[in-house]
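Contents: one structure, followed by commentary.
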Protein chains: 2
Amino acid sequence: MEVYPHREENQMARTGRPREFDRDKALDAAMTLFWAQGYEPTSLNQLKACMGNISPASFYAAFGSKETLFREVVQRYLQTHGQVMAPLWDETLSPRDAIEQTLRRSARMQTARSHPTGCLIVQGACNCSPENLPVQALLAAERERSRDGIKACIERAVTNGELPASAVTQTLPALFTTFLHGMACEARDGDKVKTLDAAITTLMQVWDSQALQP
Amino acid sequence: MEVYPHREENQMARTGRPREFDRDKALDAAMTLFWAQGYEPTSLNQLKACMGNISPASFYAAFGSKETLFREVVQRYLQTHGQVMAPLWDETLSPRDAIEQTLRRSARMQTARSHPTGCLIVQGACNCSPENLPVQALLAAERERSRDGIKACIERAVTNGELPASAVTQTLPALFTTFLHGMACEARDGDKVKTLDAAITTLMQVWDSQALQP
DNA sequence: ATATTTCTGGATTGCTTAGTATGGAAGTCT
DNA sequence: AGACTTCCATACTAAGCAATCCAGAAATAT
């Protein structure tokens with residue numbers, strides 16, 4: 001009687017025949033493929049091939065299903081590459097620095113050559129048939145978290161007296177979020193870090209033009 | 001001996017049995033479906049159903065294939081909803097007005113309730129398996145056109161003496177383009193016109209802060 | 001009226017999809 | 001040594017995919 005349909009790494013020193021492939025490496029390979037192609041067009045055949053020519057039985061035993069694999073991939077992404085967003089929730093940073101760092105680190109990460117360009121959260125499940133709406137919703141919820149993080153930074157800046165509680169200030173969350181999410185498209189289309197970084201510098205002027213004196 | 005594999009509307013008063021469905025309405029229905037779901041996850045069964053329960057034979061006779069239908073849908077999109085970008089190439093407008101109008105009209109169009117939210121060009125072929133890369137490239141080329149249009153506006157402003165030929169000015173194309181493409185994501189995630197419109201107002205301050213006096 | 005052209009409905013093609021069943025291999029535990 | 005557990009290779013299922021074939025229906029042209 002096993003509660004879980006597939007074996008995750010939730011135990012040590014297991015009995016029975018050991019797995020012949022590296023689960024972590026397989027997960028990374030799957031992440032790269034999902035990142036480049038998105039959820040739906042990525043087939044199990046492609047996945048099994050890039051994960052080390054593992055068999056269907058091995059795949060399902062280790063990861064459960066394509067969807068549960070994707071969910072695990074998303075968690076891994078958030079804990080690694082997605083950490084470029086961490087400044088948003090780092091209250092030791094000033095709100096302005098938090099947003100600027102998030103933008104700059106996102107730009108660098110999304111344009112790096114060591115992995116697919118763009119953002120898994122923004123582009124990973126953009127095209128979905130009705131049966132995969134839950135997957136789309138998973139990423140949408142994550143984007144909403146970013147939105148909330150940016151909004152919280154602005155609100156903190158108002159509370160701190162760094163920004164006025166003006167009508168313009170209220171427009172900043174949408175402004176920064178739209179730009180942040182737009183970078184995924186630009187990165188995938190081949191924009192370079194330098195280009196995006198320079199645009200970020202100019203965008204931050206909007207903040208500075210609204211900032212109150214200390 | 002027919003050069004074309006399928007019949008388009010390139011003739012009048014044809015012989016033979018007339019088509020029983022409205023080709024234009026079918027094309028619009030296909031556009032809505034592609035817009036909402038994207039190219040790859042949209043199946044022929046869904047297409048045939050939404051196009052008026054037409055038969056496979058009718059579909060292929062009228063549209064050739066799924067890919068040629070999509071290409072035709074993209075052309076139709078560009079000639080209708082995509083016209084929100086037209087100000088970019090309208091030299092009777094000042095460069096600043098061209099960009100502002102493009103942004104505002106895009107925001108309104110992409111959030112309208114009369115059709116799917118977001119942008120077919122940005123999101124229509126975001127997730128593609130290798131065999132459909134040509135479709136992805138088609139939309140990428142169209143986005144490049146937008147990029148070029150925005151860049152041309154900035155250059156025109158410099159030529160006109162509305163903007164200085166400064167380092168900041170050089171960052172404006174990427175800034176506006178990233179924001180423009182980011183709106184597709186925000187619109188699909190449920191942002192309202194008002195929110196985006198307010199962000200656009202603030203973004204245009206960047207232009208004004210750089211503008212030279214006349 | 002008849003020939004010709006074109007469209008339609010339905011069955012069908014070959015291929016790919018996600019996922020499963022089974023039998024045996026390769027370990028650990030006692 | 002032998003019981004037990006887990007994994008793996010292979011064959012397989014059922015459904016969906018884009019696309020095609022064919023026979024008949026419905027129009028025009030002569």
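The sequence lines fix the lettering, A, B, ..., with proteins before strands; numbering per chain opens at 1.
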Interatomic distance where CZ belongs to B:F59 and C1' belongs to D:dA18 [whole Å]: 9 Å
Starting from P on D:dG16, measure out to CG on B:L47 and report it in whole angstrom. 16 Å
Round to the nearest Å and state the distance from B:I54 atom CD1 to C:dT6 atom C1'. 15 Å
Whether the B:E40 and B:N132 side chains hold a donor-acceptor pair (N or O, under 3.5 Å, no angle test) is what I'd like checked. yes
When you measure from every atom of DNA chain D, which of residues 27-43 of chain A have a heavy atom less than 4.0 Å away? none
Take the angle between the ring planes of A:Y77 and A:H81 and call it parallel below 30°, perpendicular above 60°, tilted in between. parallel
Taken to the nearest whole Å, CD/A:E20 to P/D:dT6 is 16 Å
Which word best sums up how the rings of B:Y39 and B:F34 line up, parallel for under 30°, tilted for 30 to 60°, or perpendicular for over 60°? parallel
Whole-Å distance between C:dT17 P and A:Y60 OH? 11 Å
Write down the distance between CD (A:Q46) and P (C:dT16), rounded to a whole number of angstrom. 12 Å
On DNA chain D, nearest-nucleotide positions of B:L44 versus B:P18: which is more 5'? B:L44
Ignoring the backbone of A:R17, work out which of C:dA25, C:dG9, D:dA25 is nearest its side chain. C:dA25
Looking for any heavy atom pair under 4.0 Å, which part of the strands does A:P56 touch: base, sugar-phosphate only, or nothing? base
According to the interplanar angle, ranging from 0 to 90°, do the rings of A:F176 and A:W207 count as parallel (below 30°), tilted (30 to 60°) or perpendicular (above 60°)? tilted
Quick check for you: among C:dA18, D:dC7, D:dA9, whose closest atom lies nearest to any side-chain atom of A:S55? D:dA9
Report yes or no: is the cationic atom of B:R23 (NZ for Lys, CZ for Arg) closer than 6.0 Å to the six-membered ring centre of B:F21, at no more than 45° off its axis? no
Rounded interatomic separation in angstrom, taking CG from B:N132 and P from C:dT17: 12 Å
Could you tell me the separation between the CG atom of B:L69 and the P atom of D:dA18, rounded to a whole number of Å? 11 Å
Do any pairs count as a salt bridge (charged side-chain N to carboxylate O under 4.0 Å, His left out) and have a residue in residues 47-68 of chain B, sequence neighbours left out, and if so which ones? B:E67-B:R71
So, is A:N45 near the phosphate of C:dT16, with a side-chain N or O under 4.0 Å from OP1 or OP2? no
Side chain of A:R19 only, heavy atoms from C-beta on: which candidate in D:dC8, C:dG19, D:dA19 is closest? D:dC8
Which nucleotide in the list D:dA19, C:dG9, D:dT6 gets nearest to the side chain of A:T15? D:dT6
Compute whether any side-chain donor of one residue and acceptor of the other, for A:D90 and A:T92, lie under 3.5 angstrom apart. yes
